[in-house]
Amino acid sequence: MAKLSMTSDRQIIYQSEAGPRALRASHGPWKIFSVLNSADAEIANAELAGGADGLVLTSVASVEALRDLPLHTFSIRNEVGDVGARALVEMIARQPIDPARLDISFGVSTVTFADELAKLGFAGPFFETRSDDLAQILRIISEYGTGVSVRLIADHTMFATLAKFRAIRILAERLLPGIAINIHGEVAAPTGNDHEHYMLACVAACFGAGLGGADSISILPFSSAGGFERRMARNIQNILLKESHLGEVSDAAAGAGYVEYLTRQICDATWERFQA
């Protein structure tokens with residue numbers, strides 16, 4: 001953890017002492033996800049051609065947009081619950097493809113449905129946590145292990161976001177040593193009409209979630225109507241990854257005194273609530 005000391009001018013100095021590492025499930029950059037909320041296959045194609053590694057399905061209709069796409073070449077996150085998962089299974093069953101080759105986070109609600117998907121050959125994860133309560137997330141991980149995909153909100157409070165993402169990875173490792181959970185960061189939709197402010201907030205949110213160890217990130221576009229907003233939601237991440245190279249170092253913030261201090265605070269408070 002970080003140690004505090006005081007200089008002659010009373011400036012607080014955080015002396016770095018690296019704690020546990022918060023490493024991604026696999027080494028390398030996080031995946032860029034785009035949000036898909038319609039059955040328009042042209043939009044789905046444009047997102048993937050523009051640099052997206054995966055698509056987030058936010059409506060049952062959006063499953064139809066994937067019908068003629070090579071499903072083994074990108075990742076899929078279903079956020080429509082059981083009905084969306086069922087639509088995906090039915091669509092895939094009509095295609096000559098091995099379910100084991102697909103990277104799909106199903107987000108189902110029952111163990112029975114998850115067992116059915118596993119018997120069909122899908123690898124999962126099958127469940128998804130939709131809470132920012134880290135103690136609650138730990139409880140779900142304790143029940144389902146690697147069958148859980150963790151979704152956390154990333155926002156403009158960059159260091160708090162970074163520490164939160166690091167903390168859940170460290171806590172999961174403390175709970176189940178050797179576990180490699182999938183963590184998805186979602187940058188929330190804007191509440192106002194200030195495009196420029198929202199873009200800056202997205203940069204800070206992605207910076208925090210990315211350096212915090214998110215395996216994938218999606219930015220909800222300022223508006224779903226225009227192509228510009230969707231393109232910016234992708235390119236904010238493309239620039240951070242390809243020009244700033246933020247995904248090339250695993251747990252890049254490890255050893256930074258302030259980050260370690262925040263991470264330890266979150267870990268200690270969360271572990272205490274989880275045990276209670």
Side-chain angles (χ1 to χ4, degrees), residues 29-71 73-85 87-88 91 102-108 125 127-132 149-156 161 165 182-195 197-210 214-241 247:
W30 68 83
K31 291 183 179 180
I32 300 173
F33 271 74
S34 291
V35 177
L36 189 63
N37 53 14
S38 74
D40 193 333
E42 290 188 6
I43 292 179
N45 272 306
E47 296 296 321
L48 295 170
D53 303 301
L55 298 173
V56 178
L57 309 181
T58 59
S59 69
V60 177
S62 58
V63 176
E64 291 299 310
L66 311 183
R67 183 174 300 279
D68 297 320
L69 298 179
L71 301 180
T73 62
F74 60 94
S75 302
I76 301 170
R77 292 186 63 83
N78 167 50
E79 295 188 358
V80 205
D82 291 354
V83 64
L88 271 171
M91 180 194 67
L102 304 179
D103 180 9
I104 304 177
S105 179
F106 282 96
V108 301
F127 303 97
E128 179 180 273
T129 64
R130 303 191 178 190
S131 169
D132 257 32
S149 174
V150 175
R151 182 175 66 171
L152 292 176
I153 296 299
D155 62 26
H156 65 282
T161 293
F165 277 73
N182 179 278
I183 302 177
H184 178 77
E186 180 181 286
V187 181
T191 56
N193 296 315
D194 187 344
H195 286 66
H197 179 268
Y198 180 59
M199 288 172 60
L200 290 174
C202 288
V203 172
C206 285
F207 188 97
D215 296 291
S216 57
I217 301 174
S218 62
I219 297 177
L220 298 180
F222 195 89
S223 167
S224 60
F228 173 77
E229 288 85 353
R230 302 185 67 85
R231 187 166 65 251
M232 288 308 302
R234 293 193 311 269
N235 286 344
I236 285 172
Q237 297 191 63
N238 277 319
I239 291 171
L240 290 175
L241 285 172

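The first residue in the sequence is number 1, and the count goes up from there.
Looking at Arg230, its side chain does come within 3.5 Å of a backbone N or O of Val35 through a donor-acceptor pair. With hydrogens and angles ignored, the 3.5 Å screen pairs a side-chain donor or acceptor of Asp132 with a backbone N or O of Ile153.
Each of Arg77, Arg151, Lys31 was compared with Asn182 under the side chain to side chain contact (heavy atoms under 4.5 Å, CB included) criterion, and only Arg77 meets it.
When only modelled atom types and interatomic distance are considered, Thr161 and Asp155 share a side-chain donor-acceptor pair under 3.5 Å. Side-chain atoms of Ser218 and His184 include a donor-acceptor pair closer than 3.5 Å. Using modelled atom types and a 3.5 Å distance limit, the side chains of Ser75 and Asp53 yield no donor-acceptor pair.
Here OH of Tyr198 is found 12.0 Å from CG of Leu200. Values are rounded to the nearest 0.5 Å. Considering CG of Leu71 and CG of Asp103, their distance stands at 11.5 Å, rounded to 0.5 Å. Between atom CD of residue Glu42 and atom CD of residue Glu47 there is a gap of 12.5 Å, rounded to the nearest 0.5 Å. Here CE of Met232 is found 10.5 Å from CG of Asn238. Values are rounded to the nearest 0.5 Å.
At least one side-chain heavy atom of Ile32 sits less than 4.5 Å from a side-chain heavy atom of Leu241. For the pair Leu36 and Val56, the minimum side-chain heavy-atom distance is 4.5 Å or more. Taking 4.5 Å as the limit, every side-chain heavy atom of Thr129 sits out of range of all side-chain heavy atoms of Phe127. Using a 4.5 Å cut-off on side-chain heavy atoms (C-beta onward), Ser216 and Trp30 make no contact. Side-chain contact between Phe165 and Ile183: present, with at least one pair of heavy atoms (C-beta onward) separated by less than 4.5 Å. Asn45 has its side chain within reach of Leu69: a pair of non-hydrogen atoms, C-beta onward, lies under 4.5 Å apart. The side-chain heavy atoms of Val187 and Leu220, taken from C-beta on, include no pair separated by under 4.5 Å. Inter-residue side-chain proximity for Met91 and Val63 is flagged as met; some heavy-atom pair is nearer than 4.5 Å.
When every heavy atom of Ala44 is checked against every heavy atom of Leu55, the shortest pair comes out as CB-CD1, 4.1 Å. The heavy-atom pair separating Ile217 from Gly210 by the smallest distance is CD1-N, 3.8 Å. Between Ser38 and Ile43, the shortest heavy-atom contact is OG-CD1, 4.0 Å. Shortest non-hydrogen contact noted between Leu48 and Gly54 is CD2-N, 4.5 Å. Nearest heavy atom pair, residue Arg234 against residue Gly50, reads NE-O, 3.4 Å. Taking all atoms of both residues into account, the shortest heavy-atom contact from Ala209 to Ala154 is CB-CB, 3.9 Å.
Residues Glu128 and Arg130 are paired through a salt bridge, judged by an N-O separation under 4.0 Å between the basic side chain and the carboxylate.
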Apply side chain to side chain contact (heavy atoms under 4.5 Å, CB included) to the pair Cys206 and Leu240, showing each step before the final yes or no. CA-CA 8 Å; Cys206 285; Leu240 290 175; 3.5 Å; yes
Residue pair Val150, Leu152: steps toward the side chain to side chain contact (heavy atoms under 4.5 Å, CB included) verdict: CA-CA 6 Å; Val150 175; Leu152 292 176; 3.9 Å; yes
List the steps and the verdict of side chain to side chain contact (heavy atoms under 4.5 Å, CB included) for Leu66 and Leu88. CA-CA 9 Å; Leu66 311 183; Leu88 271 171; 4.2 Å; yes
Derivation of the side chain to side chain contact (heavy atoms under 4.5 Å, CB included) call for Ile236 and Ile219: CA-CA 9 Å; Ile236 285 172; Ile219 297 177; 4.0 Å; yes
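At most 12 non-hydrogen atoms from other residues, nucleotides or ligands lie less than 6.0 angstrom from CG of Asp68.
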